[in-house]
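Starting off with a structure, shown below.
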Amino acid sequence: MQQQDVVRDGLAPIANSLGFAGLAPFFVALLGVGLAPTPELRELAQRLGIGYGAAILSFVGAVHWGLALAGHWHWSPQVAFGSILPSVVGTGAVLLGGQRGLGLLVVGFGLFWIYEHRRLGAALPADYLALRRSLSLAVCALLALTMILSERVGLG
């Protein structure tokens, strides 16, 4: 790794760029549910939103797992539970599917951000929390809109 790739204070600019680029599949899911020409394609778009949402929710929990594995945090029941619970919620969303799965993801992303902010805020960099806040709000809004639009187009 070259020295200029390492950022000691704050997030690397690429983290912000990739974080916001990661919203694209949520937009595609929303647009697909609303604009796809067939019910099958609308359902596929809805499943994209649920599957990708579950993967990203697992990803945010994995950040905590990685911090503990790297020795930045001491292992505790809170760290272990907080690292694993997002994957469990994401799996539940995939199994539920449809509007219920989308709703569970909205709740999961929202609660996990509150947990990070309220319980772990002092242990996480301010830049990380700011990025997570922006991305969590965007994800929750996009998933909620996908859920509402799913109702309008007749998807369960």
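Quick note: numbers below take in every heavy atom, side chains included, and nothing from hydrogens, waters or symmetry partners. Because the structure is predicted, anything quoted here is derived from the model rather than measured.
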Shared ILVMFWY cluster between L23 and Y128, side chains joined below 4.5 angstrom?
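Same cluster: L23 reaches Y128 through Ile, Leu, Val, Met, Phe, Trp or Tyr contacts under 4.5 Å.
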Are more than 12 heavy atoms, taken from residues, nucleotides or ligands other than W65, located less than 6.0 Å from that residue's CH2 atom?
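Check fails, neighbour count at 12 or below.
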Identify each donor-acceptor pair in which a side-chain atom of residues 91-111 lies under 3.5 Å from a protein atom, sequence neighbours left out, and give them as a table.
{"unit_1": "T91", "atom_1": "OG1", "unit_2": "S87", "atom_2": "O", "d": "2.9"}
{"unit_1": "Q99", "atom_1": "NE2", "unit_2": "E151", "atom_2": "OE1", "d": "3.0"}
{"unit_1": "Q99", "atom_1": "NE2", "unit_2": "L155", "atom_2": "O", "d": "2.5"}

Check for me, please, whether L67 and L69 land in the same ILVMFWY cluster - side-chain distances under 4.5 Å, paths through other members count.
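Yes.
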Who are the side chain to side chain contact (heavy atoms under 4.5 Å, CB included) partners of L145, not counting sequence neighbours?
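Partners of L145 under the side chain to side chain contact (heavy atoms under 4.5 Å, CB included) test: L30.
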Distance in Å, L31 CG paired with T146 OG1, rounded so as to fall on 0.5 Å steps
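L31 CG to T146 OG1: 8.5 Å, rounded to 0.5 Å.
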Minimum heavy-atom separation for P86 and G61, please, with both atom names.
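What the structure gives for the nearest pair is CG-CA, 3.8 Å.
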For Y52, ring pair (Phe, Tyr, Trp, His ring centres under 6.0 Å) partners two or more places apart:
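Ring pair (Phe, Tyr, Trp, His ring centres under 6.0 Å) check on Y52 returns F26.
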Nearest 0.5 Å please: distance from the CD1 atom of I114 over to the CZ atom of R119.
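So the CD1 of I114 and the CZ of R119 are separated by 12.5 Å.
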With a 4.5 Å cut-off on side-chain heavy-atom distances among I, L, V, M, F, W and Y, is there a chain of contacts connecting L48 to L44?
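The answer is no; the residues belong to distinct hydrophobic clusters.
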Show your working on side-chain contact (heavy atoms from CB on, under 4.5 Å) between R133 and L137 and close with a plain yes or no.
CA-CA 6 Å; R133 178 183 58 241; L137 286 171; 4.0 Å; yes
Are V63 and I14 co-members of a hydrophobic cluster defined by side-chain heavy atoms under 4.5 Å apart?
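In one cluster: no.
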May I ask you to decide if the ring planes of W113 and H117 are parallel, tilted or perpendicular, using 30° and 60° as cut-offs?
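W113 and H117: parallel rings.
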So, for G49 and L143, which heavy atoms are closest and what is the spacing to 0.1 Å?
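Closest heavy-atom pair between G49 and L143: O-CD2, 3.9 Å.
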For A29 versus A45, what's the shortest heavy-atom pair and its separation?
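The pair with the smallest heavy-atom distance is CB-O, 3.3 Å.
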Can L129 be reached from F20 by stepping across I, L, V, M, F, W or Y side chains whose heavy atoms are under 4.5 Å apart?
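They do share one cluster, since a chain of ILVMFWY contacts under 4.5 Å joins F20 to L129.
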Return the orientation label for the F112 and H64 ring planes: parallel under 30°, perpendicular over 60°, tilted otherwise.
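Tilted, since the angle between the ring planes falls between 30° and 60°.
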Roughly how far, to the nearest 0.5 Å, is the CZ atom of R132 from the CD atom of E116?
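The CZ atom of R132 is 4.0 Å from CD of E116, to the nearest 0.5 Å.
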Using the rule given for side-chain contact (heavy atoms from CB on, under 4.5 Å), can you reason through Y115 versus L85, listing the C-alpha separation, both sets of side-chain angles and the distance that settles it, and then say yes or no?
CA-CA 12 Å; Y115 163 72; L85 187 59; over 6 Å; no
